Amino acid sequence: MIEENRFFIGGQWVAAQTGTCAAVVDPATEEVFGRAMLGGASDADAAVAAAVSAFPAWSISPVADRKALLQRMRAAFAEAAPAIEALLIREIGLTRMVAGGQTAMCLAHFDTALELLDTYAFAEDRGGGVTIVREPVGVVVAITSWNAPVSQMLCKAVPAIAAGCTVVVKPSELAPLCGMALARALEPAGIPPGVFNLLNGEGGSCGRRLVEHPDVAMVSFTGSVGGGGRVAALAASTIKRVHQELGGKSANILLPDADFSQAVPSSVIGCMMNAGQVCAAPTRLLVPQDRWDEVAALARDAAARIVVGAPDGEGVTYGPLSNRAQFDRVRDLLRRARAQGTPELVSGGECLTQFPLGFYMNPTIFGPVDPDALIAQEEVFGPVLCIHTYRDEDDAVAIANATPFGLAAYVQSGDPAAARRVAGRLRAGYVTVNFPRWTPAAPFGGYGRSGNGRQYGVWGFEEFLEIKSIVQN
């Protein structure tokens, strides 16, 4: 049994002042394997106070000192990565491949920040007596999601620290152990007290206090659209900066010249990865009307080859959904979709009978789906794919843009010019063609209800900087 009842605040492990103890359940077995304290408002105040105390010195620290710290933090994380991957598998239900991919992304966050600090101009002479200075925004609160907990914590904390900010991280209360594991992993790096603080807590108490706190300059939030709206409303009274990475309902357009024998199976697997619990998952597949029968057959075959099982098993495509709440939510959405008469290509949508315990679901593919249907408009965050048919390119673009989300979009084509033309018409912040490898150099973030601001690369780094103009005669 893993017991976590302390928080990392001001460079020390301190006992929770208030709050409750939460049981941590293995989603593959429903076994309680850990307990974690969830702090309250007084714990939030203590973490912010530590960050406020550290900010004056850290905000003017030499770039060389920031680089040295990040190098030590990266080395400490790399050493702890195998243990963190094991915990991601057990606490979140990630497969070995996905857990390893997430820790690799974490290392890339460090590498990106270190590379930026080598060349970034914090002050720039614009001529005419005008100097533009970029300064750290202040104390940053990072509130993160449960589906990629460690990567989300570091993709916020690392560039913020590199920019000269001090940080308070609050992981999702549905992934409390991963947060503590990260703090323990980074502790040997010798982080100056108060520069990096981490505490667990529920959103309604601890999270609320962090967002409302008058000494917090910025909140970076990853989570649901509803959660993002509440964060923005709570932050409004103190006019603090709010950065949000929220939900998605990403369209994936197969143009007629795409290689359907490759693109359809890849699209099905891309949607189902991590049991569909990826904000940028390609959950809406758009195909030409006259290719429907071909697509349906390819999609059925791809779904039949998916292996659902224990997340640490060999050859498993995806494991369980990460928690009971999400499992129940997806089942409810599927029942409502069926009540609407949504057609279905493959069986699924309920728990798998071969697993008497655990939050396992069959891959489910609906199609052809009316673009206005519930299942086509609402983010499911589960192993569910909707297939739409389109008449022509204009129709495909209209369907792709016909949701309130705009996080990611995908285009599959053998014609680079056609793919680029369609990509340019899509109302999404992150558009890829033919499923390229992820790169930390590309900014990630959305339009509309998918949020505001960007993560990764120089754009994610600059989220944590203020711009000052100094004008002299």
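No hydrogens, no waters, no symmetry mates; every other heavy atom, side chains included, goes into these values. As the structure is a computational prediction, the values presented were derived from the model and not from experiment.
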Side chain to side chain donor-acceptor pair (under 3.5 Å) partners of residues 277-287, not counting sequence neighbours, each pair once: Q277-S322

More than 12 heavy atoms of other residues, nucleotides or ligands under 6.0 Å from CZ of R449: yes or no? no

Do other residues, nucleotides or ligands put more than 12 heavy atoms under 6.0 Å from R324 CZ? yes

Within the 4.5 Å heavy-atom criterion, are P159 and H109 side-chain neighbours or not? no

[X] with [Y]: basic N within carboxylate O range, under 4.0 Å:
X    : Y    : result
R454 : E245 : no
K249 : E378 : no
E135 : K468 : yes
D328 : R331 : yes
D111 : R74  : yes

Inter-residue atom distance T103.OG1 - I84.CD1, 0.5 Å rounding: 8.0 Å

Can you pull out every ring-ring contact (aromatic ring centres under 6.0 Å, His included) where at least one residue sits in residues 137-164? Sequence neighbours excluded, please. W146-F381

Considering residues at least two apart in sequence or located in another chain, which fulfil the ring pair (Phe, Tyr, Trp, His ring centres under 6.0 Å) criterion with F435? Y410

Quick one: list whatever passes ring pair (Phe, Tyr, Trp, His ring centres under 6.0 Å) with F359, sequence neighbours left out. F327

Mind running ring-ring contact (aromatic ring centres under 6.0 Å, His included) on W438 and Y456 for me, showing each step along the way? CA-CA 11 Å; W438 175 77; Y456 311 149; 5.4 Å; yes

Can you sort out the partners of E393 under salt bridge (Lys or Arg N to Asp or Glu O under 4.0 Å), two or more places apart, ordered by chain and number? R421, R425

Kindly write out the residues that satisfy salt bridge (Lys or Arg N to Asp or Glu O under 4.0 Å) with R300, not counting sequence neighbours, or none if the list is empty. none

Picking from I387, V295, T364, L385, what satisfies side-chain contact (heavy atoms from CB on, under 4.5 Å) with L345? I387

